[in-house]
Amino acid sequence: YQQLLEGARLIRALWSEDGPVNFSGEYYQAHQVDFWPKPVQRPGPPIWFGGASERIQTAVAQLGDGWTPAAPQAAGLDRAFYSAALKKIRSVAAATGRSGPIVGGALFYAAVEPTEAEAQEAASVLRRRADWAALSIAELADRGIAIVGTPDQAVRTIEKYVEAGVEYFTLGFIPLDALDATRRSMDLFAEKVMPRFS
């Protein structure tokens with residue numbers, strides 16, 4: 001964890017300092033390092049942290065520009081938890097004098113199909129995972145692991161997460177082992193869901 005924080009500080013120094021960079025840390029050393037070209041974005045590209053632990057939330061408050069817990073990697077993403085955690089991150093950042101926004105994002109699986117039955121069939125591949133095998137598709141969706149349904153249902157689900165503070169959505173369209181079906185789901189999402197949020 002400390003190595004992660006130190007690495008982020010070194011990266012920021014390389015992006016933002018003019019001339020050679022000197023950095024002396026516990027894990028990283030940089031002596032008269034020239035780093036160029038510098039990023040067009042100043043002071044550098046945004047640094048996002050994933051994960052939902054208290055330590056990661058602290059890292060976001062100290063150094064991050066964005067927070068994106070990966071819902072499918074755990075038990076899901078509870079909206080109340082997300083909203084409270086994001087508010088806390090922003091509050092801690094403000095209390096330490098940090099300026100600039102900290103944006104919220106989240107990662108979900110997605111199965112968007114013309115009918116609810118087709119979406120549930122596509123999402124059924126998630127039940128191959130041992131710790132999700134006993135869960136229904138509705139439970140996977142309710143826990144914030146996947147966005148499943150018709151375009152209108154997907155919009156309603158996304159709206160709930162927007163209310164909780166999610167501004168950026170990273171979606172892993174499923175089923176991954178049927179590329180034509182995945183592409184159709186992505187196209188349907190682009191045509192029927194994305195315009196509702198632009």
Minimum heavy-atom distance between [X] and [Y], given as atom pair plus value:
X	Y	answer
Ala123	Ile174	CA-CD1, 3.7 Å
Arg12	Asp65	NH2-OD2, 2.8 Å
Pro175	Ala122	CD-CB, 3.8 Å
Leu77	Pro69	CD1-CG, 4.0 Å
Ile102	Ala93	CD1-CB, 3.5 Å
Val60	Gly66	CG1-O, 4.0 Å

Determine whether a donor-acceptor pair (N or O, by modelled atom type, separation under 3.5 Å) exists between the side chain of [X] and the backbone of [Y].
X	Y	value
Thr182	Ala178	yes
Lys38	Glu17	yes
Ser185	Ala181	no
Glu116	Thr150	no
Arg98	Ala61	yes
Ser198	Pro195	yes
Trp67	Ala106	no

Once rounded to the nearest 0.5 Å, what's the spacing between atom [atom1] of [X] and atom [atom2] of [Y]?
X	Y	atom1	atom2	answer
Ile11	Glu6	CD1	CD	11.0 Å
Thr58	Ile89	OG1	CD1	8.0 Å
Glu113	Arg184	CD	CZ	7.0 Å
Trp132	Arg143	CH2	CZ	10.5 Å
Glu167	Thr68	CD	OG1	11.5 Å
Asp142	Ile137	CG	CD1	11.5 Å

Answer with yes or no whether the hydrophobic clustering places [X] together with [Y]; edges join I, L, V, M, F, W, Y residues whose side-chain heavy atoms lie under 4.5 Å apart.
X	Y	result
Tyr27	Tyr1	yes
Ile47	Leu5	yes
Trp48	Leu14	no
Met186	Phe169	yes
Trp15	Tyr28	yes

Are the side chains of [X] and [Y] in touch, meaning some heavy atoms are under 4.5 Å apart?
X	Y	result
Pro20	Asp34	yes
Phe197	Glu159	yes
Val21	Phe35	no
Lys192	Val112	no
Gln153	Val148	no
Pro46	Gln41	yes
Ile147	Ile158	yes

Check the pair Phe49 / Leu4 against side-chain contact (heavy atoms from CB on, under 4.5 Å), numbers first and verdict last.
CA-CA 10 Å; Phe49 289 91; Leu4 170 71; 3.8 Å; yes

Parallel, tilted or perpendicular, as decided by the 30° and 60° cut-offs, for the rings of Phe173 and Phe189
perpendicular

How about CZ on Phe81, more than 12 heavy atoms from neighbouring residues, nucleotides or ligands closer than 6.0 Å, or not?
yes

Glu121 atom CD: more than 12 heavy-atom contacts under 6.0 Å:
no

Kindly indicate, with the supporting measurements, whether the criterion salt bridge (charged side-chain N to carboxylate O under 4.0 Å, His left out) is fulfilled by Arg156 and Asp152.
CA-CA 6 Å; Arg156 287 193 296 274; Asp152 286 339; 5.2 Å; no

Set out, in order, the CA-CA distance, both residues' side-chain angles and the distance that settles side-chain contact (heavy atoms from CB on, under 4.5 Å) for Val125 and Leu176, then state yes or no.
CA-CA 9 Å; Val125 299; Leu176 298 173; over 6 Å; no

Between Arg127 and Leu140, does a side-chain contact (heavy atoms from CB on, under 4.5 Å) hold up when you go through it step by step?
CA-CA 9 Å; Arg127 297 181 71 236; Leu140 290 169; 4.0 Å; yes

Would you please indicate yes or no on a ring centroid separation below 6.0 angstrom for Tyr161 and Phe108?
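Ring centres of Tyr161 and Phe108 closer than 6.0 Å.
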
